[in-house]
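Heads up, the thing below is written out as structure tokens.
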Amino acid sequence: MFRRNLMARREVLKSALGGLLLAPFLRQRELQAEQTNPKRLVLLFTPDSQPPEWWPTGGGSEFSLREPLLDFSGLEKDLLFVQQVDHSWTEDNHHEAGMAQLFTGGRFYDEISRYSTHASIDQVLLQNTNLRDNTPRASLNLSVGQDNFQMRHIIAYSGANQPIQNQFDPAAAYRDVFEGIVFSDVPSSAASDPLASAKQAIDQRIVQVDTDQLRYLQRFLGQEERERLDVHVDSLRDLNARLEASSEVSHVPAAPLGACQVLETAGIEFELGDTEKVEKWAKLQCDIIVNAFNCDVTRVAGLQFGRSGGGHEGLLGLQDNWHLAVAHLSASDDSVAVGDETMTTRAAFIRFSRFWASQIAYLVKSLAAIPEGDGRMLDNTLLYWGVESGTNHSHAPGDMQYLLIGGRNMGFQVGQYLQLPSPEIANKLHTAVMQGFGYDAKGCGVEETCGALAGIVA
């Protein structure tokens with residue numbers, strides 16, 4: 001009798017109804033069986049530096065975002081700013097020195113390649129913790145930029161002089177990452193109407209749920225699981241009602257219901273000077289990361305926008321070289337034409353900074369919109385964003401702009417603007433991040449015993 005009941009339970013859970021209704025619920029149970037809150041890490045890079053306005057006003061938990069980061073409005077409690085963090089060394093104009101130590105804390109392996117002497121922190125964690133767990137893929141490294149192995153295009157290293165090349169083509173990344181994956185019946189696309197896609201996904205689950213079916217399924221679940229199922233169905237109905245009432249949705253994630261979903265990867269054109277094409281390209285790369293996390297293909301990713309010192313001619317209507325005409329002159333408030341407008345180079349710098357930040361905000365909102373455990377996927381995911389040059393394109397290693405996003409369930413002290421009383425080296429910040437993932441790191445890169453920066457992890 002026991003064995004017959006066990007088989008019946010398995011058959012129900014494999015059925016169309018069981019799979020359709022319980023997909024996110026069962027995924028949650030599997031992940032909780034492995035560890036209560038699966039940890040994830042994303043390394044992010046945007047080119048050059050940020051203007052001074054990137055830093056908020058105020059301090060501590062009472063801060064306000066300024067224009068470059070206004071697309072993060074409403075996510076302040078998920079942000080951790082740390083000001084007065086310096087790189088430990090520099091050479092030339094810091095573009096390459098900054099890249100070599102961005103997430104590694106290393107130095108140049110040699111003067112020809114200028115690759116780093118150390119692994120990046122994502123790979124250190126993969127090598128020294130159970131961060132990967134049983135996922136099929138160790139990490140996923142993508143870019144919105146040219147296909148290039150030159151060091152200004154690299155943010156991740158598996159070891160000394162071992163750069164990890166980014167995949168710039170979403171179609172190739174998609175084939176590689178999701179080969180052999182069985183997708184849900186509900187397609188999702190960065191190019192489709194997000195409201196229609198979300199409603200279609202929710203409707204397909206809700207219309208097949210009635211009281212008799214729920215009672216039947218609940219026979220195979222424990223009390224706690226039944227309560228979770230009730231909450232899940234209620235949340236679907238509530239979300240559907242809110243979508244019905246909304247005339248405008250600013251963002252809906254690529255895979256809002258916790259299942260691997262089909263993404264449309266056709267039609268991407270790799271032109272860094274075309275604003276619309278870059279946005280489409282960037283959103284699809286973000287969707288691939290979210291989808292990979294959602295169906296637990298990997299728990300580690302990297303995403304690089306452009307490259308250190310890139311020109312981006314044509315982007316946002318700027319016909320000149322962005323790096324030379326804007327970033328280099330932003331401190332002097334020269335005049336520059338951006339599309340049909342004439343503005344100061346500082347204003348142009350702010351506009352470019354917000355453009356890149358908006359792509360990252362899209363990724364953050366996607367993760368924040370996915371329920372997981374007692375919270376959101378964002379609570380179990382740390383996004384670690386950095387640039388390679390000091391504030392206001394100083395060509396110097398001081399006042400580096402690192403931003404930690406999410407990771408609340410790992411103890412990261414988000415929701416604050418931490419202004420350090422005196423400069424600290426970035427290697428201490430990297431060490432704190434690794435400790436937040438459970439690795440008892442004593443230091444990072446060339447600073448092997450620097451210790452962890454206080455105030456980052458509880």
Side-chain angles (χ1 to χ4, degrees), residues 35 37-45 80 82 85-89 97-109 113-143 151 153-166 289 292-293 297-304 380-388 400 402-407 409-412 424-454 456-457:
Q35 47 191 16
N37 294 305
K39 300 173 182 178
R40 303 182 187 86
L41 174 64
V42 184
L43 300 183
L44 297 163
F45 168 82
L80 173 55
V82 189
V85 170
D86 294 352
H87 280 169
S88 59
W89 64 279
M99 292 298 286
Q101 61 193 301
L102 180 65
F103 294 119
T104 70
R107 295 188 68 91
F108 291 147
Y109 184 85
S113 70
R114 294 199 163 189
Y115 289 146
S116 181
T117 54
H118 287 74
S120 50
I121 61 172
D122 58 328
Q123 302 301 308
V124 173
L125 290 170
L126 285 169
Q127 295 160 14
N128 292 279
T129 71
N130 192 36
L131 178 58
R132 180 176 179 176
D133 207 356
N134 294 315
T135 56
R137 188 184 182 98
S139 60
L140 170 62
N141 298 86
L142 305 178
S143 73
M151 66 89 59
H153 298 255
I154 302 296
I155 64 172
Y157 290 81
S158 59
N161 200 36
Q162 298 177 44
I164 297 176
Q165 188 171 15
N166 301 307
I289 290 174
F293 285 172
V297 173
T298 188
R299 295 180 182 174
V300 177
L303 181 56
Q304 175 170 346
N380 300 320
T381 305
L382 179 73
L383 298 97
Y384 193 20
W385 177 13
V387 293
E388 92 281 5
M400 304 301 298
Y402 286 99
L403 178 61
L404 285 71
I405 309 170
N409 286 344
M410 287 173 267
F412 287 99
E424 298 280 4
I425 58 172
N427 302 57
K428 289 186 176 182
L429 180 58
H430 302 331
T431 302
V433 168
M434 290 190 287
Q435 290 185 1
F437 279 84
Y439 177 43
D440 187 22
K442 307 302 181 185
C444 178
V446 295
E447 308 286 347
E448 297 180 353
T449 58
C450 63
L453 186 62
I456 305 303
V457 184

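When a residue number appears, it is its place in the shown sequence, counting from 1.
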Handout entry: Asn141 and Asn166 side chains, donor-acceptor separation under 3.5 Å
Key = no
Problem - Sub-4.5 Å side-chain heavy-atom contact between Leu403 and Leu80 - result: no
Exercise for the section: Apply side chain to side chain contact (heavy atoms under 4.5 Å, CB included) to Tyr109 and list each qualifying residue two or more places apart in sequence or on a separate chain. Expected result: Thr117, Ala160, Asn161
Problem - 4.5 Å side-chain heavy-atom contact, Tyr402 and Leu429 - result: yes
Exercise for the section: With the side chain counted from C-beta on, respond yes when Pro38 and Arg299 share a heavy-atom pair under 4.5 Å apart, and no when they do not. Expected result: yes
Exercise for the section: Under the side chain to side chain contact (heavy atoms under 4.5 Å, CB included) rule, collect the residues that match up with Val297, sequence neighbours excluded. Expected result: Arg137, Val177, Phe178, Ile181, Ala292, Cys295
Exercise for the section: Check the side chains of Asp133 and Thr135 for a donor-acceptor pair under 3.5 angstrom, ignoring hydrogens and angles. Expected result: no
Completion exercise
Glu448 meets the salt bridge (Lys or Arg N to Asp or Glu O under 4.0 Å) criterion, sequence neighbours left out, with none
Exercise for the section: For residues Val457 and Met410, report the shortest heavy-atom separation together with the two atoms involved. Expected result: CG1-O, 3.9 Å
Exercise for the section: Not counting sequence neighbours, which residues clear side chain to side chain contact (heavy atoms under 4.5 Å, CB included) with Asn427? List them please. Expected result: Ser88, Ile425, Cys444, Val446, Glu447, Cys450
Exercise for the section: Report yes if some heavy atom in the side chain of Leu453 is under 4.5 Å from a heavy atom in the side chain of Thr431; otherwise report no. Expected result: no
Practice task
Hey, could you give me each pair passing salt bridge (charged side-chain N to carboxylate O under 4.0 Å, His left out) that has a residue in residues 154-166? Not counting sequence neighbours.
Solution key: none
Problem - Residues in side chain to side chain donor-acceptor pair (under 3.5 Å) contact with Asp86, at least two apart in sequence or another chain - result: none
Problem - Heavy-atom pair of closest approach, residues Leu41 and Tyr384 - result: CD1-CB, 4.5 Å
Handout entry: Side chains of Arg40 and Val300 in contact at under 4.5 Å (non-hydrogen atoms)
Key = no
Handout entry: Minimum-distance pair of heavy atoms, taken over all atoms of Ile456 and Ala432
Key = CB-CB, 3.8 Å
Exercise for the section: Mind checking ring-ring contact (aromatic ring centres under 6.0 Å, His included) for Tyr157 and listing every partner two or more places apart, or none if nothing turns up? Expected result: none
Practice task
Name all residues meeting the ring-ring contact (aromatic ring centres under 6.0 Å, His included) criterion together with Phe108; count only those two or more places apart in sequence or in a different chain, and write none if there are none.
Solution key: Trp89
Practice task
Only counting residues at least two apart or in another chain, list the ones meeting side chain to side chain contact (heavy atoms under 4.5 Å, CB included) with Gln127.
Solution key: Gln123
Problem - Chi angles and distances behind the side-chain contact (heavy atoms from CB on, under 4.5 Å) call for Leu383, Leu404 - result: CA-CA 6 Å; Leu383 298 97; Leu404 285 71; over 6 Å; no
Completion exercise
With sequence neighbours left out, the residues meeting salt bridge (Lys or Arg N to Asp or Glu O under 4.0 Å) with Arg107 are none
Exercise for the section: With sequence neighbours excluded, tell me which residues meet side chain to side chain donor-acceptor pair (under 3.5 Å) with Glu388. Expected result: His95, Ser308
Fill in the blank from the handout: Quick note, salt bridge (charged side-chain N to carboxylate O under 4.0 Å, His left out) partners involving residues 431-446, not counting sequence neighbours, are Asp440-Lys442
